[in-house]
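Heads up: the structure comes next, in structure tokens.
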Amino acid sequence: MNRRQTLKLLGATAIAGVAGLPNMAFAAAKEMVVVVKIAGIPWFNALEVGVKKAGGEFGINASMVGPSSVDPAQQVKLIEDLIAKKVDVIGLVPLDVKVTEPVLKRAQAAGIKVITHEGPEQEGRDWNVELIDSVVFGEVQMQRLAKEMGEEGEYVVYVGTLTTPLHNIWADSAIAYQKKNYPKMKLAADRFPGADVTDDAYKTTLDVIKAYPNLKGILGFGSQGPIGAGNAVREKKLGKKIAVVGTVLPSQAKSLIDEGIVREGFLWNPTDAGYAMVAVAKLVLDGKEIKDGVEVPGLGKASVDVAKKQIKVEKIMKINKETVDALIAGGL
Amino acid sequence: MPENFARFRRSHEFWLLSVILILVVGLSVMTEGFLTLQNLFDLLTSYAFLGILASGLLVVLISGGIDISFTATASIAQYITMLLANKYGLNWFIVFAMASVVGIALGAINAVLIDRLNISSIIVSIATLNIFYGLLVFITGGKYIYSLPPWFSHGIYWFEYVDADEISYGINLQILALAVMFTLTWLILNRTNIGRQIYALGGNREAAQRLGFNVFRLNILVYCYMGLTAGVASLIQAQLAQSVAPTVLVGKELDVLAAVVLGGASLAGGVGTVFGTILGLTLLAVMQNGLILLGVSSYYSQFFVGLVILLSVSATALSARRKRKGVMTE
């Protein structure tokens, strides 16, 4: 083989290599990245487990990223990076649906599918996945609170912030349910913010106990609300008089649940949520038609609202004295 | 002491105190729960964390610097201390000593960077905030510590008193630590040579240097003191929240800064008092507390908080302007 032949051969190999590349890329696994509210907290660590698990099962290269602080602008930046990276699917647990709307629309224009979770009002998405029905979720917790209060007396409601979409939908539904079914119960004041931070919920509860001495119940939406409220109720030794119910993380609430201060906690399983986002992405990537009653792989039948782009799988998790230890053992 | 009073009447603290007194009188008349011993203890307990940090930040501001990394410092001190306390038992003295040492060490890093590289303190502390916090979240994976040693979660209660409604209160760990740290800060600033040097440094750095002050030593002292307060504050917060969460403290910097600046400390340095800081913090606390007791809807409360802050700051600014005019016409 002389030099010219060698060069020809090398050239041909190079061309073949370049031509071969797109084919190889096509054959490679699809990539999905889920953007969460904040990286590094237990809730989203659990969600990541679900994302990875589903990724492995469905052959999707799925991973999770999140901002280092709760800041919607940082979510936008992360999504911009993902558009530049040309991923196939972006998952999002939105902080502020208005802030992330334009960048999601850009992602969709670039041919990227968008799956949200906790974002029923998020524009610029293909589907929103929920493990609970927001209205039912509020109602179930009100039923439990009413039972603890003997269906009468004053109660207050906490939310993360007065503009956190889901918390306020739950609160609306719970309060409406009370007005309809428990006429002897009374909402003592407008809902209070602060249920995302233990210290704030604690402070608010101390003030609320004094402002409304007849208070019999606290309903906390936002994972730290029932914890802060429970700490204050425990400190004031009012656990028998005031019932605390709401959304909590099992391991954090364990001592309050064991002492009977938090009467029952409600949640959905974040690992299931991460799994569900990837599972729905799989349906979308495979081009399956999504309609009411569709089988979501690994999760069962879902109720689907095609016009509102909502997919719901009913999976409310109840945290009480009987279930708390098993849930903690499961890593929650 | 008419002369002293006349001077006080012109001060920032006087106007702040007036606004607070008006609020207190108003709230006492309009609500039952406000002017009670129980409410006082509750307020002191829940604002102790911010208060202790404010006393440290006050010293930094007076020296002409600023530090916003203290929440990350507190998170680290809290996490390391409680992790070890869970593992080895320990006791009150050791946990406080340990948290303080961690705080002081991190404060020293800030001081060395600020002084030796001569970079503006806000930039350095923004960077170290991210470095400290980033490392903490990376190493711990953001895992909360839920179970604290029993002696720690029970806390300390002195002079416990149970009222007619079987609600108990007394001097607890939070109130005790708050009192100690405010007293210590006051002593350092007003009763020591070092305190006067810190004021001088913040007032005019150049002059302080030419007078032969050891600026590096002063900076080390100031930022280490901030670290010490962060260490102490972190433990009383953990005791109150009954858990350690690496992500909850970062973000509270501005609340602390607001209280200190509202209390009359200048971001330009050289100005500020412990009494003013206490008043600034009191104003913020009384506002939040009073609005809930009054039954003001949460939807309006931020509006009122902003309004009262603006009013009290304007009162001070107006009086300062009048004073300047007075000087000019004399």
Side-chain angles (χ1 to χ4, degrees), chain A residues 38-45 48 66 68-71 156-159 161-163 188-194 196-213 223-224 227-228 230-238 240-241 249-256 328, chain B residues 31-34 36 38-39 41-43 45-47 49-50 130 133-134 136-148 153 155 157 162 165-169 172 237 240-243 245-252 285 288-302:
Chain A
I38 177 169
I41 69 167
W43 179 265
F44 290 115
N45 291 346
E48 188 174 21
S68 55
S69 66
V70 179
D71 175 5
V156 290
V157 173
Y158 298 168
V159 289
T161 73
L162 294 174
T163 51
D190 272 339
R191 66 197 66 164
F192 294 98
D196 285 336
V197 182
T198 319
D199 301 18
D200 292 347
Y202 169 82
K203 272 184 221 166
T204 306
T205 307
L206 289 182
D207 294 344
V208 164
I209 290 173
K210 278 171 301 215
Y212 308 100
S223 66
Q224 305 300 315
I227 304 294
N231 284 343
V233 168
R234 168 157 63 188
E235 187 187 307
K236 296 294 173 194
K237 303 195 173 76
L238 290 170
K240 293 228 159 46
K241 189 183 152 216
L249 276 169
S251 40
Q252 193 176 13
K254 178 170 166 48
S255 71
L256 288 169
I328 293 174
Chain B
T31 71
E32 276 176 27
F34 182 75
T36 58
Q38 192 201 333
N39 193 34
F41 279 108
D42 285 352
L43 274 182
T45 307
S46 31
Y47 282 86
F49 173 69
L50 293 184
N130 286 301
Y133 180 61
L136 178 69
V137 171
F138 175 68
I139 292 172
T140 64
K143 252 198 161 134
Y144 289 26
I145 304 176
Y146 295 125
S147 59
L148 303 178
S153 26
Y157 252 108
V162 180
D165 298 330
E166 290 188 10
I167 292 179
S168 63
Y169 44 93
N172 55 20
Q237 193 275 343
L240 194 63
Q242 299 281 318
S243 63
T247 48
V248 301
L249 300 183
V250 171
K252 301 228 184 231
Q288 286 292 353
N289 174 251
L291 286 170
I292 295 185
L293 291 185
L294 272 176
V296 174
S297 160
S298 330
Y299 293 96
Y300 294 114
S301 68
Q302 274 186 319

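Atom set for the values below is all heavy atoms of this structure, side chains included, hydrogens, waters and symmetry mates excluded. Convention: sequence-line order gives letters A, B, ...; per-chain numbering from 1. Being a predicted model, the structure only gives us computed values, none of them experimental.
Of the listed residues (B:Asp42, B:Thr140, B:Val296), the one with the most heavy-atom contacts under 4.5 Å to chain A is B:Asp42. In terms of non-hydrogen atom pairs under 4.5 Å with chain B, the most contact-rich of A:Ser251, A:Ala201, A:Ala189 is A:Ser251.
Residue B:Thr247 touches chain A through its side chain alone, counting heavy-atom pairs closer than 4.5 Å. Both the backbone and the side chain of B:Asn39 come within contact range of chain A, with heavy atoms under 4.5 Å apart. When heavy atoms are compared at a cutoff of 4.5 Å, B:Phe34 does not approach chain A at all. Both the backbone and the side chain of A:Val208 come within contact range of chain B, judged by heavy atoms closer than 4.5 Å. Residue contact with chain B, scored on non-hydrogen atoms closer than 4.5 Å, involves the backbone and the side chain of A:Asp207 alike. Residue contact with chain A, scored on non-hydrogen atoms closer than 4.5 Å, involves the side chain of B:Thr45 exclusively. Contact of A:Tyr202 with chain B is made through the side chain alone, with heavy-atom distances under 4.5 Å. Residue contact with chain B, scored on non-hydrogen atoms closer than 4.5 Å, involves the side chain of A:Tyr212 exclusively. At a 4.5 Å heavy-atom cutoff, the contact between B:Gln237 and chain A is made by side-chain atoms alone. Contact of A:Asp200 with chain B is made through the side chain alone, with heavy-atom distances under 4.5 Å. Residue contact with chain B, scored on non-hydrogen atoms closer than 4.5 Å, involves the backbone and the side chain of A:Arg191 alike.
What you find for B:Leu148 and B:Gln242 is that their closest heavy atoms are CD1-C, 3.7 Å. Taking all atoms of both residues into account, the shortest heavy-atom contact from B:Pro246 to B:Leu136 is CB-CD2, 3.7 Å. Summarising the geometry of A:Ala39 relative to A:Gly66, their closest heavy-atom pair is CB-O, 3.5 Å, with the distance given to 0.1 Å. Taking each heavy atom of A:Asp190 and B:Ser297 in turn, the nearest pair found is OD2-OG, 2.6 Å. Taking both residues in full, the closest heavy atoms of A:Leu206 and B:Ser46 are given as CD1-OG, 4.3 Å, listed atom of the first, atom of the second, then distance.
With B:Tyr47 as the aromatic partner, A:Lys203 meets the cation-pi criteria of under 6.0 angstrom to the ring centre and within 45 degrees of the ring axis.
Between A:Arg234 and A:Ser255, some side-chain heavy-atom pair lies under the 4.5 Å cut-off.
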Q: Run the numbers on B:Phe49 and B:Leu249 for side-chain contact (heavy atoms from CB on, under 4.5 Å), then give the verdict.
A: CA-CA 10 Å; B:Phe49 173 69; B:Leu249 300 183; 3.5 Å; yes
Q.
Does B:Gln288 form a side-chain contact (heavy atoms from CB on, under 4.5 Å) with B:Leu293? I'd like the steps, not just the answer.
A. CA-CA 9 Å; B:Gln288 286 292 353; B:Leu293 291 185; over 6 Å; no
